[in-house]
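The sequence lines fix the lettering, A, B, ..., with proteins before strands; numbering per chain opens at 1. Note that the structure is a prediction, hence the values are computed from the model and not measured. Below, all heavy atoms of this structure are taken into account, side chains as well, without hydrogens, waters or symmetry copies.
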Amino acid sequence: MMKLILSELKKISRDVRPMIMMLVIPILLTITLGTSLKNLFETSIETKENLVLYHIQDQGAYHIQFQNLVSSLKDEGFIFISTNTFEEGLNAVKNGKYNCFVYISSNYSTVEIYENNKEPLKVSFVEEMLRKFLYPLYIGSSWISKGEKSNAPSDLVELVKMPLPKKPSSIDYYSVTMLTMIILYSAATMIFSYSKEKNSKTLYRIFFSPVSRKKLFFAKYFSALIITMMQIVLIISFDMYVMKAFWSEHLNAVFLVLGTYMLMSLSMGSLMFMIFKKESSMWITINIICQASALLSGSYKQINYDYIPFLGQIASWLPQSAVNNALFEIIYKDSYTMLPRAVAVNLILAAVMYWLSAKLFSSKRVIL
Amino acid sequence: MRILQLKNITKRFEDYVTIDNLSIDINKGEIYGLVGPYGAGKTTLLGIMAGLIKPDRGEVFFREQNAALVNKEMSYGIGFVPQEIAVYDEFSVYENIKFFASLYGLKGKELNSAVNQTISLLELEDYSKKTPVMLTVGFKRLLNIACSICHKPTLLILDEPTVGIDTQTRNFILQIIRTLNDTGITIVYTSHYIDEIESLCSKIGIIDHGKIIAQGSSEELKSIITDTTTIIIKSSSVDGLDERKLKKINGVIDVQVDMSGCSIKIISSKDVNNLDKIILFFTNNNISIKNIESTVPDLEMVFLTLTGRRLMG
């Protein structure tokens, strides 16, 4: 078994052209699509830059002083707008509509600034102004007698950072979708491996030897899996370190999803070789499947299926959709909720197609 | 002792009967030549002999044991040289031989020794590091044979191993086959070159339409043809010779014209005395006759007489 796997690996690795194609195509597509369709991924949220939201629990004794501060900040270009609730202000910052929200508790004992890191300099200015406003109040208050003088100035205002939710840039998006598309194309690696042996009649020679077809089938499958995995690791490394695409810290989960998807794709390639007699039919079918799957799963451009719901239904059942969705959930929401579905779909399809193609391969009718 | 026996074998591909109730005995140590035109069923028959193709009817015995029961043993005991050059372009000559030998369970020193012996036998030492794409067709054919003999089979089946190669390499391959046979390996050999079969094989089977229509040594087969005679006419030029008109002369069975050698081979029925008519045909067509001779039948004629077709072209 080992010698079969090693010889397969040697053969595949010495055939440089398909290897380069598998490596270069996803990278080139990511760069091309990522650059040309960049505007599709730019955020459409308009941020009200110099508007500051605020909410005071109880204006109390310092109401006049605070209004003076608001007036003076207006002169600097900052307009303060009061919100009805704390949550209203917080959400406005969370979703990126406003850069900053100031919360002031009763008696000004707690002042918090929530910001989303979009305009840190401007927020820092507001923070400084608030500090200057609060300091005299603090000196004149009873707080001083509580022995809190030593660290009081720095504690007067608490800055709470609320980073906006991660969203993929065009390069991030296409580095995922083009990778899943090329993994589906790895079915072609399997077809190529068999058809090359068939055309050169070496398959005939191996069939003639005492080596069982089951062993040969597994050796071909396993070595194609190793080669595809190596290609995927290289592509992701290039994406991460050269194109600076974001793949998150959850690489184990990412590789779990991609690994099962590879198994599914390679099984599909094996089955195609066993079903079709003509090589041209295999290539046409694999191209149709890969391109249709990429289009429907939104690999080129996200599709709104509101007007064509039946296509949306088909798309939702595609393994590529399940894999893309699971990967975006893992990478951008730190969530594994869609991982089990993607893994299960891939493994079930892989097992069924592997079993069928192994059965067909074992029958002498096929190939000879 | 019979090393391979095929009993009443029939094989169909869809509606077409490729092998039709065929029986063959191949004895240990002989070189069995299988000759037949394209589509006669030779490759299918070799596939059945090698255990690659399962017959629809009949039985195959290898060393007197039913092949269906000793399939694995048969794989170890038989070497098969396919008609196509079945080697890996990504591997060197050495790696190709080593890989195919390893499929037969050879390991370590035994494997290396078998590979080196094969390379030495086929005089491939200078090419062992080269890949097949760097070799001439002749050396590719040698490599094709090397990959089939490195596991030391007891029966070697060769399907047209000399197609498309120069005379020198062809003679070398024939010499290798004789050497292998001298070491005790039984050979089954097919070729379109009837002279190869005649010079190499101790027993010859003529196959047509999936049936063995004659079998025996070269002399035995020639003795079948007692009712024809071959007339060879040498001329200074064969321009203007109309073969069809010549064939219409009573008793003429076939006409073969060698344009470059300016000779005409006429196979005629022994019972018809038509020599004067043939000479008259040449005179009337202004084709001068330099020499006329009559020869004994050769294997080509045997084949032609039995099948009604020529082997080549």
Exercise. Once you round to the nearest 0.5 Å, how far does OH of A/Tyr204 lie from CG of B/Leu52?
Worked result: 5.0 Å
Exercise. Would you say the side chains of A/Glu197 and B/Tyr88 form a donor-acceptor pair under 3.5 Å?
Worked result: yes
Exercise. Heavy-atom distance under 4.5 Å between the side chains of A/Lys3 and B/Leu111, does that happen here?
Worked result: no
Exercise. Can you check whether B/Glu90 reaches A/Ser13 side chain to side chain, under 4.5 Å on heavy atoms?
Worked result: no
Problem set entry | Electrostatic pair A/Arg14:B/Glu95 at N-O distance under 4.0 angstrom | yes
For this session: State whether the number of non-hydrogen atoms from other residues, nucleotides or ligands found under 6.0 Å of A/Met19 atom CE is greater than 12.
Result: yes
Exercise. Does a sphere of radius 6.0 Å around CZ in B/Phe172 hold more than 12 heavy atoms from other residues, nucleotides or ligands, not counting ones at 6.0 Å or beyond?
Worked result: yes
Problem set entry | A/Phe208 CZ to B/Ile157 CD1 distance, which is reported to the nearest 0.5 Å | 5.5 Å
Exercise. Are A/Thr202 and B/Phe100 side-chain neighbours, meaning at least one heavy-atom pair lies under 4.5 Å?
Worked result: yes
Problem set entry | Between B/Ser102, B/Ser148, B/Pro82, the one whose heavy-atom pairs under 4.5 Å with chain A are most numerous | B/Ser102
For this session: Sort B/Asn96 into side chain, backbone, both or neither according to what part of it lies under 4.5 angstrom from a heavy atom of chain A.
Result: neither
Problem set entry | Region of B/Ile78 that comes under 4.5 Å of a non-hydrogen atom in chain A | both
For this session: Specify which of B/Ile85, B/Asp89, B/Val87, B/Leu103 makes the most heavy-atom pairs with chain A at under 4.5 Å.
Result: B/Leu103
Exercise. Does the side chain of A/Ser7 come within less than 4.5 Å of B/Phe91's, by heavy atoms?
Worked result: yes
Exercise. Is B/Tyr104 close to A/Ser209 at the side-chain level, that is, under 4.5 Å between some pair of heavy atoms?
Worked result: yes
Seminar exercise, completed: Residue from A/Lys201, A/Lys11, A/Lys196 scoring the most non-hydrogen pairs under 4.5 Å with chain B is A/Lys11
Exercise. Considering residues, nucleotides and ligands other than A/Met21, do more than 12 of their heavy atoms fall under 6.0 Å from its CE?
Worked result: no
For this session: Compare all side-chain heavy atoms of A/Ile206 with those of B/Phe99 and state whether any distance is below 4.5 angstrom.
Result: yes
